[in-house]
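Reviewing the structure listed below.
Just so it is clear, the values below take in all heavy atoms, side chains as well, and ignore hydrogens, waters and symmetry mates.
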Amino acid sequence: MWGYGPADTMPYVGLAQQQVQHGLAYHLSQEISKRFALPVEFLETPNNRLEPYLQQGRLHLVCNTNPEWVSQPQQYHWSPALYDEEDVLLQRMDQPELTGLASLYGKVLGTSLGYTYSQPLMGAFAIGKVSRQDVRDLDTSLHMLDKDRLSAVIDMQRNLAYKLAQHPQMQLRFSPWVVQRYQVYCAYSRHLPIPAEQLDALLQELRDQHLIEQWLDEALRSATDRPVQHSADAQ
């Protein structure tokens, strides 16, 4: 049982007919299924339930995560780092470049519900210097930004690059400011049905063979082939 959050998107999770059928998570699940002769089932899970479900064994695996983003990292076995990622900002082309935290003061930043960002940014939210606007998905965030209802949107660089490629008509650009760099991991439940070390070895092998990087790149290149479903909030 592989859990993913509602905001997880391509190039990590790609849905077709409400099933995970594209993206890095899909490729990894296929490799796990082949190596261990086990079916892998995906379960979309609200962010606030991912940890309880892992602890209870209702989920065996959550990827696209980091020990700093969970409340009890010691409860899980952590995989080798899968890839490097960074949080960046998308902004309107007609606005001055956002070059650091101070340039966000007094502005509204589109965020993902339940997500933890860099400590300085979380501190700025806490004291009200930057307004946090949780939005349910990236398509809605981009439409709100395009209509000037947000000052900027923060997310993983690859997620934003994928969405930007799907919306070439929008006058948006990346800010030059990299908010935070980090590595991305899988967290395993103690109820994982195979030895954690065996799954570690497989994931390390896939990284060493550059397959993880290849699958991420392929998913990014597929952005223009996948139509965007416009949500009601985006109108």
Query raised in the report: Less than 4.5 Å apart, any side-chain heavy atom of M156 and any of N64?
Result: yes
Requested in this report: Tell me, yes or no, whether the heavy-atom count around E44 atom CD, taken from other residues, nucleotides or ligands under 6.0 Å, exceeds 12.
Outcome: yes
Query raised in the report: Donor-acceptor pair, R132 side chain versus S112 backbone, under 3.5 Å?
Result: yes
Query raised in the report: To the nearest 0.5 Å, what is the distance between CG (D208) and CG (L203)?
Result: 11.0 Å
Report task. Starting from the C-alpha separation in whole Å, work towards a yes-or-no answer on side chain to side chain contact (heavy atoms under 4.5 Å, CB included) for H143 and R149. Result -> CA-CA 9 Å; H143 280 279; R149 290 166 56 196; over 6 Å; no
**Report entry** Q72 atom CD, over 12 foreign heavy atoms within 6.0 Å
**Finding:** yes
Query raised in the report: Between the main-chain N or O of P96 and the side-chain N or O of Q91, is there a donor-acceptor pair closer than 3.5 Å?
Result: yes
Query raised in the report: Would Y182 and E68 satisfy side chain to side chain contact (heavy atoms under 4.5 Å, CB included), going step by step from the backbone distance to the final call?
Result: CA-CA 10 Å; Y182 47 85; E68 294 182 14; over 6 Å; no
**Report entry** Donor-acceptor under 3.5 Å (D217 side chain, Q214 main chain)
**Finding:** no
Report task. Mind running side chain to side chain contact (heavy atoms under 4.5 Å, CB included) on L150 and Q133 for me, showing each step along the way? Result -> CA-CA 8 Å; L150 295 171; Q133 175 72 55; 3.7 Å; yes
Report task. Look at the side chain of R190 and the backbone N and O of Q75, then say whether any donor-acceptor pair between them is shorter than 3.5 Å. Result -> yes
Query raised in the report: Is it true that a side-chain atom of W215 and a backbone atom of L28 form a donor plus acceptor pair closer than 3.5 Å?
Result: no
Query raised in the report: Can you tell me if CD on E41 sees more than 12 non-hydrogen neighbours from other groups inside 6.0 Å?
Result: no
Report summary line: NE2 of H60 to OH of Y188, rounded to nearest 0.5 Å, is 13.5 Å
Query - Residues D134 and Y115: side-chain donor-acceptor under 3.5 angstrom - result: no
Query raised in the report: Just how far is it from atom CD of E31 to atom CG of L211, taken to the nearest 0.5 Å?
Result: 7.0 Å
Requested in this report: Quick one: pull up OG in S222 and CE in M10 and give me the separation to the nearest 0.5 Å.
Outcome: 3.5 Å
Requested in this report: Establish, from distance only, whether the side-chain atoms of Y83 and E85 form a donor-acceptor pair under 3.5 Å.
Outcome: no
